[in-house]
Amino acid sequence: MTTRSLSCAGLLLATALAMPFANAQGVPPGPPLAMPTMADTKYDAALVVRDGSATASDGLVLNSPKDQYNGVIVSGGRSAFTLKNAQIALTGMGKNDFLGIGAGALVRDDATLVVDHVRIETSGATSSALVAAENATLRVYDSTLIANGGALPVGYIRHIGPGMMEPPAPLGLDGNARTVLAMSNSRSFFYRTTIEADGWGALSTDATGGKLYLEANDCVLRVKRKGYGTYADFGAHVVLNRTVVESGGELGIIAGKARIDLNGVTGKVGRNGVMIHSVMAFDPTETAELNLKDTTLVSAGPAILVKSANAAITIEGGAITSTSGQLLSVIKNEDPNATKTGGKPVPGVALTLRKAVLKGDVANTDTDRALALKLEGAQLAGALHNVVLTADAGSRWTATAASEVVLAAASVPAIDAPKGVTVRAVTADGSLKPQRIHLKSGGELIVSAR
């Protein structure tokens with residue numbers, strides 16, 4: 001059994017949907033705690049479709065104040081059900097969103113659900129609008145999905161694991177409901193749909209099963225308070241195409257070996273653009289992947305923040321603006337459960353800027369891993385700190401403040417700095433001798449041997 005990193009939902013489950021919890025040092029204490037299964041869960045629902053017992057519903061209207069109550073449940077490999085022109089409003093409390101209890105619609109167990117021109121709104125803790133799990137396929141068209149969250153039950157104690165009703169405290173997120181939750185090798189597709197959350201997350205993945213796909217096309221993701229537009233757990237591949245994301249927290253979060261692709265996305269967020277982290281992983285070499293193509297992003301904090309994780313990041317075209325002036329910040333994770341390297345070599349962080357004109361600092365203060373920056377037909381204005389720089393003939397880096405880089409001879413022609421700015425470079429390239437170079441705009445490049 002392989003145990004992976006703790007996710008934003010608080011739990012990255014192993015393939016058996018179980019996980020050993022860790023102590024403050026991230027060391028599992030023993031046998032895993034069993035996760036209840038959907039098959040063993042008794043649900044209370046307005047409409048249940050099992051093994052093709054029905055194929056469609058048109059015009060369903062449901063308003064329910066009951067706790068732990070589901071609107072629609074579709075399950076079984078012979079089920080292919082269409083929910084059309086429906087309005088579902090649930091104001092009762094959920095119970096466990098890993099089991100989809102209290103969801104507006106739940107599709108599971110190899111079934112297929114099509115949601116077309118539907119409005120689902122929930123107003124209860126851990127009450128999701130939609131949940132997809134157990135190899136299910138979900139397709140949503142021209143709909144509105146909202147999770148408002150709600151009051152927590154009396155006596156609830158914040159924790160991480162099955163039945164948790166809030167995101168893990170180290171992530172600093174608000175709210176107690178995820179609007180969409182995709183799990184266990186499901187495939188979910190959204191088209192021209194608005195997905196709104198009070199906090200926590202709009203499009204979330206968890207307990208992925210190792211191979212989960214989630215895609216949003218021409219959608220709007222909106223998180224009112226601190227939360228994320230989307231989350232990619234270990235084993236998840238999330239793709240946003242031409243989608244607008246507004247959030248008081250992050251546009252996206254990646255945990256461990258997972259991938260987010262942003263194509264033609266427009267985002268405005270109150271904290272970090274995309275945060276990448278790895279916690280409670282036994283494999284410190286696992287690497288996240290993030291690709292931004294023709295994406296416009298405005299963030300208050302770093303456009304990309306990497307915390308004790310390995311990452312392969314590509315930005316192609318687009319416009320990235322950080323109010324804090326940080327394009328990429330690589331730091332140690334303050335979470336006590338952050339993955340430890342044990343002094344072993346790890347892949348580190350690789351940032352490629354391709355055919356882009358960007359501003360912002362790139363810095364690495366994580367002593368466990370290196371940060372490599374590659375410019376391919378790109379222009380960057382900003383300070384670099386503890387960065388291995390490679391730039392092709394069609395690129396230009398203008399240092400806006402004192403910088404320190406590791407350098408090869410071929411990259412020297414791409415470097416510039418204004419008067420008063422010094423770039424210090426070390427090199428192991430035998431063809432690049434220690435020297436002081438006066439740069440075109442008046443700054444200096446000081447090269448020393450490594």
Worksheet item: Taking R178 as the fixed residue, which of D206, T126, T205 is the one that meets the side-chain contact (heavy atoms from CB on, under 4.5 Å) rule?
Response: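 That would be D206; it is the only one of D206, T126, T205 passing the side-chain contact (heavy atoms from CB on, under 4.5 Å) with R178.
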
Worksheet item: Does the pair S204 and Y228 meet the rule for a side-chain hydrogen bond (donor to acceptor under 3.5 Å, both in side chains), with working shown?
Response: CA-CA 8 Å; S204 191; Y228 51 78; 2.7 Å; yes

Worksheet item: Does the distance from a Lys or Arg side-chain N to an Asp or Glu carboxylate O, for R450 and D429, drop under 4.0 Å?
Response: no

Worksheet item: Can R424 and E404 be counted as an ion pair, charged N to O under 4.0 angstrom?
Response: no

Discussion item. Just to verify, what does F189 make a ring pair (Phe, Tyr, Trp, His ring centres under 6.0 Å) with, not counting sequence neighbours?
Written reply: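 So F189 forms a ring pair (Phe, Tyr, Trp, His ring centres under 6.0 Å) with Y213.
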
Worksheet entry | Sidechain-backbone polar pair: T295 side chain, L262 backbone, donor-acceptor under 3.5 Å | yes

Practice prompt. Go through the steps for F98 and V131 under the test side-chain contact (heavy atoms from CB on, under 4.5 Å), then give the verdict.
Written response: CA-CA 9 Å; F98 282 96; V131 174; over 6 Å; no

In terms of side-chain heavy atoms, does [X] have a donor or acceptor partner in [Y] at a distance below 3.5 Å?
{"X": "E250", "Y": "N272", "result": "yes"}
{"X": "N263", "Y": "R242", "result": "no"}
{"X": "N148", "Y": "D198", "result": "no"}
{"X": "N333", "Y": "S308", "result": "no"}

Discussion item. Please determine whether the number of non-hydrogen atoms from other residues, nucleotides or ligands lying under 6.0 Å from atom NZ of K332 exceeds 12.
Written reply: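 Yes.
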
